[in-house]
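Have a look at the structure below before the remarks.
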Amino acid sequence: MKINFLKYQGAGNDFILIDHTANPLENIDSELIERLCNRRFGIGADGLMFVTKHEKYDFEMHYFNADGKLGSMCGNGGRCIVAFAKHLGIIAKETNFLAVDGPHYARISESGEWVDLQMIDVETITKDGEAFILNTGSPHYVALQSDLLNFDVFSKGKTIRYNSTYAEKGINVNFVEDKGDYLFVRTYERGVEDETYACGTGVTAVAMAMAKHKNQSGHIKTDIKVLGGDIKIEFDYDGFKFTNVFLCGPAKLVFEGEIDSI
Ligand SMILES: N[C@H](CCC[C@H](N)C(=O)O)C(=O)O
């Protein structure tokens, strides 16, 4: 069986993209997805996405984590799939598409390599000790951490993700250091079960948690640095609810290929 794919990355969060608009998605082979995402035996990626047709929206996004299982919303994946849809000629400058957490609006630059993706509104932020817990389409744990560059994100993130509170459903664990002009963020991702170079729903959660932590309100713009590049978050916050949330950043085509058998 031959499968054509494109590989994209958004701030170093990398994905395999497959055009499935010609036929509906059925009989998902989780083991195959896991093999394709494997960095030693496959193409290598943090996740894999299929684009399918939808009656009411420009397209539908189906996101799978590198472990082959259906994921919750992926923000960087969302930006990459918009770039992919433009590449396929499905959309031009803007789009309304459907993802697992509902409809999303996005706009794309002329070059096709920068995407502003609207994310869901968020109202509920709880605390686990000093950490903030919120869902931006995917569940996130946000903890402040000094000297983050030298911090063991993998071990500490994994310990939190597998503690008795989160072991069953899992959680994405983000660590943030406030650098004044920007936030430096590193993330241990559920479903990849490793640190990734960027996590879109994660940095969105971090920007929200920090706005609450600093008692900010109004129209808030946050510059974020992750291991794989720079991301910008914008939202309105009235002290209770985050609305008009945009995750803005790069979405780049890396290569194109054909899988014969694996
Ligand atoms: N990398 C993704 C997060 C994927 C969420 C996934 N790890 C899960 O919890 O199902 C992002 O850019 O938002």
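Atoms within each ligand, like the ligands themselves, are counted from 1 in listed order. Any value given below was found using the heavy atoms of this structure, including those in side chains, with hydrogens, waters and symmetry copies removed.
Any N or O atom pair closer than 3.5 Å counts here, and Gly75 shares at least one such pair with ligand 1. Considering backbone and side-chain atoms together, Gly200 places an N or O closer than 3.5 Å to an N or O of ligand 1.
Defined by atom type and a distance below 3.5 Å, a donor-acceptor pair is missing between the side-chain atoms of Asp46 and Thr196. For the residue pair Thr187 / Asn174, a side-chain donor-acceptor distance below 3.5 Å is found, with atom types taken as modelled. With 3.5 Å as the limit, one finds no donor-acceptor pair spanning the side chains of Asp230 and Tyr182.
Ranking the protein heavy atoms by distance from atom 5 (C) of ligand 1 puts Ser138 OG, 3.3 Å first. Looking only at protein heavy atoms, the nearest one to atom 2 (C) of ligand 1 is Cys74 SG, 3.0 Å. With hydrogens left out, the protein atom closest to atom 7 (N) of ligand 1 is Arg190 O, 2.7 Å, a heavy atom. Annotation: atom 6 (C) of ligand 1 to nearest protein heavy atom, Asn65 OD1, 3.3 Å. The protein heavy atom nearest to atom 4 (C) of ligand 1 is Glu189 OE1, 3.5 Å.
Atoms of ligand 1 lying under 4.0 Å from any heavy atom of Ser72, numbered from 1 in the order shown and given with element: 8 (C), 9 (O), 10 (O). If you number the atoms of ligand 1 from 1 as listed, the ones under 4.0 Å from a heavy atom of Gly71 come out as 10 (O). Close approach of ligand 1 to Thr201 (heavy-atom distance below 4.0 Å) involves ligand atoms 3 (C), 11 (C), 12 (O), 13 (O). Less than 4.0 angstrom separates some heavy atom of Asn76 from each of these atoms of ligand 1: 11 (C), 12 (O).
Contact analysis puts Cys199 in contact with ligand 1, with a non-hydrogen atom separation below 4.0 angstrom.
Judged as a ring pair (Phe, Tyr, Trp, His ring centres under 6.0 Å), and not counting sequence neighbours, the contacts of Phe242 are Phe235, Tyr237. Every residue two or more places apart in sequence or in another chain that forms a side-chain contact (heavy atoms from CB on, under 4.5 Å) with Lys93 is listed here: Glu110.
Contacts with ligand 1 closer than 4.0 Å are made by side-chain heavy atoms of Asn13 only, the backbone lying farther away.
One finds a salt bridge joining Asp14 and Arg39 here, because a Lys/Arg side-chain nitrogen approaches an Asp/Glu carboxylate oxygen to under 4.0 Å.
A 6.0 Å sphere centred on CZ of Phe255 holds more than 12 heavy atoms belonging to other residues, nucleotides or ligands.
Separation of the Phe15 and Tyr8 ring centroids does not fall under the 6.0 Å cut-off.
The side-chain contact (heavy atoms from CB on, under 4.5 Å) with Phe5 is formed by just one residue from the set Ile259, Leu48, Leu36; it is Ile259.
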